[in-house]
Number of protein chains: 2
Amino acid sequence: MTDIDRTIHEPVRLRILAILSGVDLADFKFFVTTLGLSKGNLSSHMDKLEQAGYVEVQKGFNGKIPRTAYRMTDAGRKALADYWIALDQIRTACTEADGPTPS
Amino acid sequence: MTDIDRTIHEPVRLRILAILSGVDLADFKFFVTTLGLSKGNLSSHMDKLEQAGYVEVQKGFNGKIPRTAYRMTDAGRKALADYWIALDQIRTACTEADGPTPS
DNA sequence: CATAAGGGTTTGTATCACAAACTAGTTTGC
DNA sequence: GCAAACTAGTTTGTGATACAAACCCTTATG
């Protein structure tokens with residue numbers, strides 16, 4: 001019974017990783033607008049993904065305006081793949097319970 | 001962007017529903033042993049599933065020993081199906097982010 | 001009688017998602 | 001030149017909750 005990775009399982013972070021898995025680089029603003037999050041909320045989710053080693057942060061400037069962008073790491077890619085596998089296992093694994101005789 | 005049903009999304013409850021979706025009836029003890037939960041924990045998860053209308057409780061006796069069994073409702077079946085659909089949408093929906101020019 | 005086991009409820013706690021407030025720098029209006 | 005508004009992001013506060021531990025009640029077991 002493989003465990004669910006809670007870091008990934010949180011819906012917001014799952015969406016973030018799903019996006020990053022197809023994009024190579026996406027910035028702070030983009031996530032705020034597409035996911036409809038408050039900046040604070042996004043910031044803390046990104047912290048968690050970073051601390052888990054699933055995303056890398058790239059801080060730079062767009063002219064004089066700061067820009068923070070995120071990229072998925074290999075570990076993140078692996079973890080996400082494993083996550084989907086674990087979910088599929090749950091989805092499939094049913095059908096052998098005790099048959100409790102009703103009353 | 002369909003929302004994730006948090007009642008179902010919790011891993012323990014997801015496993016419970018996955019089991020119930022293939023079994024018609026399963027009892028308290030069974031879940032405790034197969035999922036490795038404390039009784040208190042299982043009890044509160046079942047409360048939530050019941051309050052959401054996703055499972056029905058059948059309290060009875062096996063001789064003089066009380067037996068509590070759970071059955072999935074139609075609403076539960078529907079909600080679980082929707083849940084998997086929502087997850088698949090996240091899994092598939094990637095690939096159109098802003099291309100932020102790196103640095 | 002004592003201990004265990006089924007079937008819980010109550011209580012305590014650590015975590016965490018989220019928003020609101022705040023910081024820091026930048027452009028715009030006058 | 002200075003205030004108002006905006007971009008970008010961090011820090012702080014709070015309410016919800018997953019989980020275990022402790023407790024309760026009843027029935028078997030030794």
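Letters go in sequence order (proteins before strands), and every chain restarts at 1.
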Would you say a side-chain N or O of A:R6 is under 4.0 Å from OP1 or OP2 of D:dC19? yes
In whole Å, I'd like the distance from the CG atom of B:L42 to the P atom of C:dT9. 10 Å
Quick one: is C:dA17 close enough that its OP1 or OP2 comes under 4.0 Å of any side-chain N or O from A:S44? no
Rounded distance (Å) that lies between atom C1' of C:dA17 and atom CD1 of A:I16: 12 Å
A:T92 side chain to A:Q89 main-chain N or O, any donor-acceptor pair under 3.5 Å? no
Within the side chain of A:S43, is there an N or O that forms a donor-acceptor pair under 3.5 Å with the backbone of A:K39? no
With a 4.0 Å limit, can you tell me whether A:K64 has a side-chain N or O closer than that to the phosphate oxygens OP1/OP2 of D:dC6? no
Are B:K39 and C:dA5 close enough that a side-chain N or O sits under 4.0 Å from OP1 or OP2? no
Taking only side-chain nitrogens and oxygens of B:R13, does any of them come within less than 4.0 Å of OP1 or OP2 of D:dA18? yes
Specify the separation, in whole Å, of atom CE of A:M46 and atom P of C:dC16. 18 Å
Is B:N41 close enough to D:dA20 that one of its side-chain N or O atoms is under 4.0 Å from OP1 or OP2 there? yes
In this structure, how many angstroms lie between the P atom of C:dC16 and the CD atom of B:E10, rounded? 12 Å
If you check every side-chain atom of B:S43, which of C:dT9, C:dG7, D:dA8 has the closest atom? C:dT9
Consider only side-chain N and O atoms of B:H9 and B:D5, and report whether a donor and an acceptor are under 3.5 Å apart. no
For C:dG6, does the base pair up with any side-chain atom of B:K29 as donor and acceptor (N or O, under 3.5 Å, distance only)? no
When the nearest nucleotide of DNA chain D is assigned to A:I65 and to B:G40 on a heavy-atom basis, which residue is associated with the more 5' position? A:I65
Less than 4.0 angstrom from a charged side-chain N to a carboxylate O is my criterion; do A:E10 and A:R15 meet it? no
Return no unless some side-chain N or O of B:S38 is found under 4.0 Å from OP1 or OP2 of D:dC19. no
Rounded to whole Å, how long is the line connecting atom NE2 of A:H9 with atom P of D:dA18? 10 Å
More 5' along DNA chain D: B:P66 or A:F28, using each one's nearest nucleotide? A:F28
Would a distance-only check, ignoring hydrogens and angles, find a side-chain to backbone donor-acceptor pair under 3.5 Å from B:T73 to B:Y54? yes
What is the distance from CG of A:L14 to C1' of C:dA17, rounded to the nearest Å? 15 Å
Taking 4.0 Å as the cut-off, does a side-chain nitrogen or oxygen of A:H45 come that near to OP1 or OP2 on C:dC18? yes
